[in-house]
Amino acid sequence: MKRPSFYILFATALCVVAFSNSGCKPASDGSLDLLDTKVSSLKIDDLSRSMDFLNSERRFDLSEFSSNVSASLNRWVRSAGGDAGFDDGWSLDENAQTLIDDFADLAACQRVSEMSFSSNDSFYAQQCIWLNQLASRLADSTALGPFEMYRVAADDYQPDEDPDSDDLISIVQMLNDGLDEEQAQELTEGLRIFDWITRNIQLLSDANPGDAGIEEGEEGLTQEAIREQLVINEDAPEDDLAAQGAPGLGFTRHPWQVMMYSRGDQVDRARLFILLGRQVGLNVVMLKVGEDQRPWCPALIVGDDFYLFDTELGLPVPGEKPGSIATLADVQANPDLLKRLDLTVEESLKENTTYRVTGDDLDQITAGVLIAPESVSRRFSNVEEGLGSESVITFADDVTALIDSVPATDGMSVEVWDIEFQTQRFRDVVRQAVLDSSSQMALMPKITWHIANEVYIDSFPNYRTSRCRYFKGKFNATTEKEGRGAIESFYRLMYSDAEIGRLGSDRILQRQLGILDAASKDAAAFERRVNSVQSQMRLVRRDAGFFLSQCHFDNGNIGTAGNWLERMRNTTGTERWLDGIEYLLARSYEGRGEYDKAIEELTGNEDTPQYAGNVIRARLLKELIEAE
């Protein structure tokens, strides 16, 4: 006997509903139970397919990716019966209400209670997956090589012979008094995440309006004049840089863009630290200090203590004991710990060499709890619930629970942080400006930074696929079915001049890069397309060499990473990554025990935005060596 089709079951269900509405109670109907099971199964299948799509390594262009993911998620909603199919009792967290109201002009805030997904939701969902994959592999890592300085500080700790033991936990527990094993593990996981960010996200200056955007010969402009040149929306309030579309501290990029582009300012780094930590159950807040409540540093909460990680220095704030990490209570009790972060005349001849925070600033502290419009929305609350308890990915935030989890501290207030909302507003202005720039040529100079730093990446699917493999920790493919690993992927992106030159005639390369052969229809358009991709290839190969070094470093091949970095530093055209190359090279020397070379590398470039932190690291390393 054939199984009844879904439509017959659906018709049966309608008859049952009609019968129940007539006032008679129907008998238990097996077909109705089967219908419920079928619908439930469809819901799960549709959501699973959406997650598979987000995890896919297919080289989609961005518009195709975003439309496909949102369409897949909306099919999941329809399979549940639309909005009515989610009897979830959801309500907007009262602690998020103020931000939703303050940014009511944003589409993401207007749609906070809806169950339909937009194309922008695709990038948020992918961001959560990337964060989870990266944070999970960092938390599971037992590599000790990147933490040589802490190993030396712990009385020249010798690793355990057991390959499964996590020596860094033992070291952290030795260096930081009063931690039990669970707390030492939390602090260790935070240290690993922070260290990855410092090594992988090249620091941009706080005042940086964008890497391009200043016309040649205008270097003498003040920062205010530069920003005025970059203001896209002149009708926006003067004190709202995000609404003006003028790049500023912390809101210029979404976290997924910071990961993809591998560049960001100190607040970008702090946001990544908070979000990566949250994916593995770590509680991190952003501290703002002083009368002006300027951003200081993220703090990892372990027990009742706030451990300080300075994303501008690229270092945890050093504690009293060599190799320890200072807590907020430590620096409040002994502000001289902050004075130790000043640079001496011997270390720097710059005018301002004092640390940016003083003991007096600690009288007014705010702990910022990071949330996003999507993370408090009904739709992502249901995504997380639909994936079930087996899922480890965090898509939605319980804002009240996050606020309540911050230990009460004298002089500290707690508030939700609006930086993600500012980023949404800024990116909306930029997106519209890009759309309008073809008809309003006056806008073009104002979005030059966007074109120079983002468009070539957004237009190159192979680049994004390689980065995705790196976040996962898929360094090498073990079987042919798995495809390439990140190391081979980046190596293949290091195009030679010959490869770039023959793009116009190499059909295999054209197919790999998604160039449609339009020569028979429009030869001029095809030539323009080839020329554009050739320009992208030159930029991509510049980035790929640095990313390849990062892969080797993360994969435990610190020596190999150092060899690549030494080669890159002497290669023309890699100036964009010079700060990151020199820092990672110093870390490779440090990891191999070549301390003198590491110190020389850390103190050699006074123009890098992370110079103060590099000098302090060199100072700490030198003190440890002398103590040994």
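Worth knowing before you read on, the calculation uses all heavy atoms, side chains too, and leaves out hydrogens, waters and symmetry mates. Remember, predicted model here, so these are calculated numbers, not experimental data.
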- Message: For a 4.5 angstrom cut-off between non-hydrogen side-chain atoms, does Leu602 reach Arg587?
- Response: no
- Task: For residues Val69 and Phe117, determine if any side-chain heavy atom of one lies less than 4.5 Å from a side-chain heavy atom of the other.
- Result: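 With C-beta onward as the side chain, the pair stays apart.
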- Task: Test Asp105 against every option in Gln110, Gln424, Arg425 by the side-chain hydrogen bond (donor to acceptor under 3.5 Å, both in side chains) rule and name the one that passes.
- Result: Arg425
Can you give me the closest heavy-atom contact between [X] and [Y], atom names plus distance?
X      : Y      : answer
Ser377 : Phe380 : OG-N, 3.4 Å
Leu249 : Ile419 : O-CD1, 4.2 Å
Ser66  : Ser122 : O-OG, 2.7 Å
Arg484 : Lys474 : O-CE, 3.5 Å
Arg263 : Gln202 : NH1-NE2, 3.0 Å
Gly190 : Leu300 : CA-CD2, 4.0 Å

- Set of residues satisfying side chain to side chain donor-acceptor pair (under 3.5 Å) with respect to Glu527, sequence neighbours excluded: none
- Query: What residues, two or more places apart in sequence or in another chain, satisfy side chain to side chain donor-acceptor pair (under 3.5 Å) together with Ser72?
  - Reply: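 Ser72 satisfies side chain to side chain donor-acceptor pair (under 3.5 Å) with Ser50 only.
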- Message: Show me the pairs that pass salt bridge (charged side-chain N to carboxylate O under 4.0 Å, His left out) and involve residues 270-279, at least two apart or across chains.
- Response: Asp268-Arg271, Arg271-Glu420, Arg278-Asp397
- Task: Determine yes or no for a side-chain-to-main-chain donor-acceptor pair under 3.5 angstrom, with Ser489 supplying the side chain and Ser466 the backbone.
- Result: no
- Message: Would Arg137 pass as a cation-pi partner of Tyr470, given that its NZ or CZ must be under 6.0 Å from the six-membered ring centre and within 45 degrees of the axis?
- Response: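 Yes, Arg137 sits over the ring of Tyr470.
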- Query: Between Tyr583 and Arg199, is there a cation-pi geometry (under 6.0 Å to ring centre, at most 45° from the normal)?
  - Reply: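 Because its charged atom misses either the 6.0 Å distance or the 45° angle limit, Arg199 does not stack over Tyr583.
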- Task: Show your working on salt bridge (Lys or Arg N to Asp or Glu O under 4.0 Å) between Glu454 and Arg427 and close with a plain yes or no.
- Result: CA-CA 12 Å; Glu454 298 180 4; Arg427 299 306 303 196; 2.7 Å; yes
- Task: Just do the salt bridge (Lys or Arg N to Asp or Glu O under 4.0 Å) check on Asp428 and Arg431 with the steps written out, would you?
- Result: CA-CA 5 Å; Asp428 282 352; Arg431 187 182 304 110; 2.7 Å; yes
- Message: Just checking Tyr491: does its OH atom have more than 12 heavy atoms from other residues, nucleotides or ligands closer to it than 6.0 angstrom?
- Response: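 No, because the 6.0 Å sphere around OH of Tyr491 holds 12 heavy atoms or fewer from other groups.
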- Item | Heavy atoms from other residues, nucleotides or ligands near CZ of Arg567 exceed 12 (cutoff 6.0 Å) | no
- For salt bridge (Lys or Arg N to Asp or Glu O under 4.0 Å), just list the numbers for Arg111 and Asp121, CA-CA rounded to whole Å, side-chain angles, deciding distance to a tenth of an Å, and then say yes or no. CA-CA 11 Å; Arg111 299 176 51 253; Asp121 289 329; 3.4 Å; yes
- Electrostatic pair Glu601-Lys597, nearest N-O below 4.0 angstrom: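 Lys597 and Glu601: not salt-bridged.
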- Note on the structure: So CG of Asn132 and CD1 of Ile393: to nearest 0.5 Å the spacing works out to 5.0 Å
- Parallel, tilted or perpendicular: ring planes of Phe421 versus Phe103, cut at 30 and 60 degrees: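 Tilted, since the angle between the ring planes falls between 30° and 60°.
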- Aromatic rings Phe123 and Phe65: how do their planes relate, parallel, tilted or perpendicular, breaks at 30° and 60°?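 It falls in the tilted class, 30° to 60°.
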